[in-house]
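Reviewing the structure listed below.
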Amino acid sequence: MRAGAAMSADPQLLAAAVEAAIASRSPRLGRAAHARALRLLSPGIPPFICAHLVNLYSKLDLPAAAASALVSDPSPTVVSFTAFISGAAQHARPLPALSAFAAMLRLGLRPNDFTFPSAFKAAASAPTRSAAGPQIHALAIRFGYLPADAFVSCAALDMYFKTGRLGLARRLFEEMPNRNVVAWNAVMTNAVLDGRPLETVQAYFGLREAGGMPNVVSVCAFFNACAGAMLLLPGAQFHGFVVKCGFDMDVSVSNAMVDFYGKCRCAEKAKMVFDVMRVRNSVSWCSMVVAYAQNGAEEDAFAVYLGARRAGEEPTDFMVSSVLTTCAGLLGLDLGRALHAVAVRSCIEANIFVASALVDMYGKCGGVEDAQHVFFDMPRRNLVTWNAMIGGHANIGDAINALAVFSDMIASGETAPNYITLVNVITACSRGGLTKEGYELFETMKERFGIQPRTEHYACVVDLLGRAGMEERAYEIIQRMPMRPSISLWGALLGACKMHGKTELGRIAAEKLFELDPQDSGNHVLLSNMLASAGRWAEATYVRKEMKDVGIKKDPGCSWITWKNGVHVFHAKDTKHEMNSEIRALLAKLKKQMQASGYMPDTQYSLYDLEEEEKESEVFQHSEKLALAYGLIHIPPGVPIRITKNLRICVDCHRAFKFISGIVDREIIVRDNNRFHHFKQYECSCKDYW
DNA sequence: CTAGGGTTAG
């Protein structure tokens, strides 16, 4: 009697355990529910228990267990099948979902109004051009759920959008007898996803005109659209409305606002939204990190990351890949390594986004070997991974390896190259002096890879030809190109002209640059230096004077070095550093040793007509030399010295660093605003080709 | 057992 009561009560307890496990998404509660179910597994189990189990395993994303529970159901119903289909669809496994749908039809089971939405969801993420969606649509009509059922028709609408059948989707929407918010939301969110943000905004106003009220989904979609189209004003106005309606209490809405302000270049507004949030989740923190990172505030981004950790947030794959991208923008090899360790501890280092970001970070921080380790350990690589690896080789001017990875990429068939791939490969060829190979790639990229050359590629090839001394050929290409030449294109030509003393052509490039970017100091300095080294002092001085008259300030050069958790910044002629006298003494000593090895100072770009001795003294106070001396004093032997400079490294410093790397037998890695220079045993990785 | 939402990689 008692035992019987317990037995009959247990199915309900099982239902409760299943519910709790699903709600908590906890494997522990899932196992407990499973154990309870096993106690009930006897020949006479009521079928609905099997349905519960299928639901449990499907929701916990345990596909094998879900499938075996479905198969072992002695009398499967539409409910167990629907549970299976819904779980598989939600966890992005469309094919098992669709075959279960087909199987239930074969068993003569009739899909109901719960089955169809899940089946459409599965069809929406099925491989492109699959006929599953339209077939399910036909069935839904045959069984009488369309056009009347709102849930079913919204799911069908979303499916047509997601499978790229825009015309059909629009017609279905027009003919919908009962257009609810969800239908409008499907239009709004899919338009954002497909990169048509203005359509999202239009749909929002369509919803309002039809007398509908937006919900949190509509609100998020609206902010996404404003973020995508940089619609600061409409978004900011909408912000007011959202607060009035209390939608901002929803964490997703606030997250979308943080992202929106970040994308609209208002990192401070993003921070204000973030600060007043009552509840934050991992997405909130991550959005804030990205908002700072994308607005050039890497330090603030990193501080937010630390704040998230202090607040007890687990580092997610999103967070770590975002922070890594940020770090890659600073000279953060140590920081990057620390984040790599964090990724390993959180078991997310195999995530393709995280791993790609690691390859990118190591490549950008001059750690190509580390980048290769991560790269070769990855089970799968995507376009970004390949591009990052090629970029890493390009960064140190290793054209041979960049080309090797490029051909591996094509041979692997994992992914086709895109325009960035070609930018990276041609850049590598340019920096590595493989002029012919790079030029051929540029010429044949359209026919070989179907990639139309963009302005970036023209800039690469101008740089490539310019470095090789073919400025005139580069100029011809600029004149013949189908689009308007960009700033970086003329900049590449000017740089090349300066390098090879093509003063007249350089002047033409400089004039174009002054038109396009009148406030940039670098171009003026470059032109004036070029004129100075051609001995045309009067013109050089005139350019400087013009700069002064128009109020263009030269960016002061500065270099920095990190040591013991501190960043040490040096400016040219800096005497304020606490180690000043030691630094000066070391530089004087090194100068003597270098001269004994045949070093001659390169002072050709010192503009002012100083005595040679004064020029020498001037170049010996360049910020990168001060930073190097500091590094030599503090950083123990065997550890490479890493210096970052905000401008290009100067010719004399480049020459001096080669000597010093040999004399003191140290590796010196300089990251300037353009690339890396890796000095070792009297040589630089750029082979003086930069 | 049911549709619709937010964050990431050059």
Side-chain angles (χ1 to χ4, degrees), chain A residues 18 22 48 51-52 54-56 58-59 77-87 89-90 112-121 124 149-159 161 180-190 192-193 215-224 227 250-260 262 281-291 293 316-326 328-329 351-361 363-364 382-392 394 418-421 423-424 427 456:
Chain A
V18 166
I22 291 171
F48 72 92
H52 273 307
V54 174
N55 185 34
L56 170 72
S58 299
K59 287 288 185 305
T77 62
V78 59
V79 174
S80 42
F81 270 103
T82 302
F84 183 89
I85 294 166
S86 139
Q90 274 168 19
N112 65 13
D113 50 338
F114 286 87
T115 320
F116 276 112
S118 290
F120 277 124
K121 191 181 171 71
D149 189 294
F151 274 69
V152 177
S153 53
C154 286
L157 177 66
D158 189 57
M159 178 276 297
F161 275 124
N180 59 13
V181 207
V182 179
W184 286 100
N185 286 347
V187 176
M188 290 179 72
T189 57
N190 283 296
V192 183
L193 286 174
N215 65 11
V216 290
V217 176
S218 340
V219 171
C220 287
F222 191 93
F223 279 122
N224 278 338
D250 182 280
V251 66
S252 295
V253 168
S254 283
N255 291 347
M257 290 199 288
V258 170
D259 181 58
F260 152 70
N281 60 16
S282 64
V283 177
S284 327
W285 288 98
C286 189
S287 304
M288 196 58 235
V289 167
V290 173
T316 63
D317 45 359
F318 278 100
M319 180 61 110
V320 173
S321 58
S322 308
V323 177
L324 276 170
T325 320
T326 307
N351 173 288
I352 196 152
F353 285 94
V354 174
S356 299
L358 282 168
V359 173
D360 181 50
M361 178 277 294
K364 281 187 179 151
N382 64 13
L383 180 62
V384 175
T385 328
W386 287 104
N387 285 353
M389 193 63 246
I390 295 171
N418 73 344
Y419 77 98
I420 296 165
T421 321
V423 167
N424 288 353
T427 304
E456 291 99 315

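In what follows, every chain begins at residue 1, and chains take the letters A, B, ... in the order their sequences are listed. Quick note: numbers below take in every heavy atom, side chains included, and nothing from hydrogens, waters or symmetry partners.
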A/Val320: which residues meet the side-chain contact (heavy atoms from CB on, under 4.5 Å) condition with it, sequence neighbours left out?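 With sequence neighbours excluded, A/Val320 shows a side-chain contact (heavy atoms from CB on, under 4.5 Å) to A/Pro315, A/Leu324, A/Val342, A/Ala343, A/Ile348, A/Val354, given in chain and number order.
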
Categorize [X] for me: base, sugar-phosphate, or nothing, with a 4.0 angstrom heavy-atom threshold over every strand shown.
X: A/Asn112; result: nothing
X: A/Tyr419; result: base
X: A/Asp158; result: sugar-phosphate
X: A/Asn215; result: base
X: A/Asn351; result: nothing
X: A/Ser356; result: nothing
X: A/Val290; result: sugar-phosphate
X: A/Glu456; result: nothing
X: A/Asn224; result: sugar-phosphate

Among all residues two or more places apart in sequence or in another chain, which pass the side chain to side chain donor-acceptor pair (under 3.5 Å) test with A/Asp317?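 Residues passing side chain to side chain donor-acceptor pair (under 3.5 Å) with A/Asp317: A/Asn351.
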
Reading DNA chain B 5' to 3', which nucleotide is the first, and which the last, to come under 4.0 Å of any heavy atom in chain A?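 Reading along DNA chain B, I get B/dC1 to B/dG10.
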
Nearest-0.5 Å distance that lies between atom CG in A/Asn180 and atom CZ in A/Phe151: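 The CZ atom of A/Phe151 is 8.0 Å from CG of A/Asn180, to the nearest 0.5 Å.
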
Would you indicate whether the side-chain heavy atoms of A/Leu157 and A/Val182 approach each other to under 4.5 Å?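 Counting from C-beta outward, A/Val182 and A/Leu157 never come under 4.5 Å.
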
If we only count heavy atoms from C-beta on, is the A/Asn224 to A/Leu193 side-chain gap below 4.5 Å?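 The answer is no; the side chains never approach within 4.5 Å.
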
Start with the C-alpha gap between A/Gln90 and A/Ser118, add the side-chain angles, then the distance that decides, and say whether side-chain contact (heavy atoms from CB on, under 4.5 Å) holds. CA-CA 8 Å; A/Gln90 274 168 19; A/Ser118 290; 6.0 Å; no

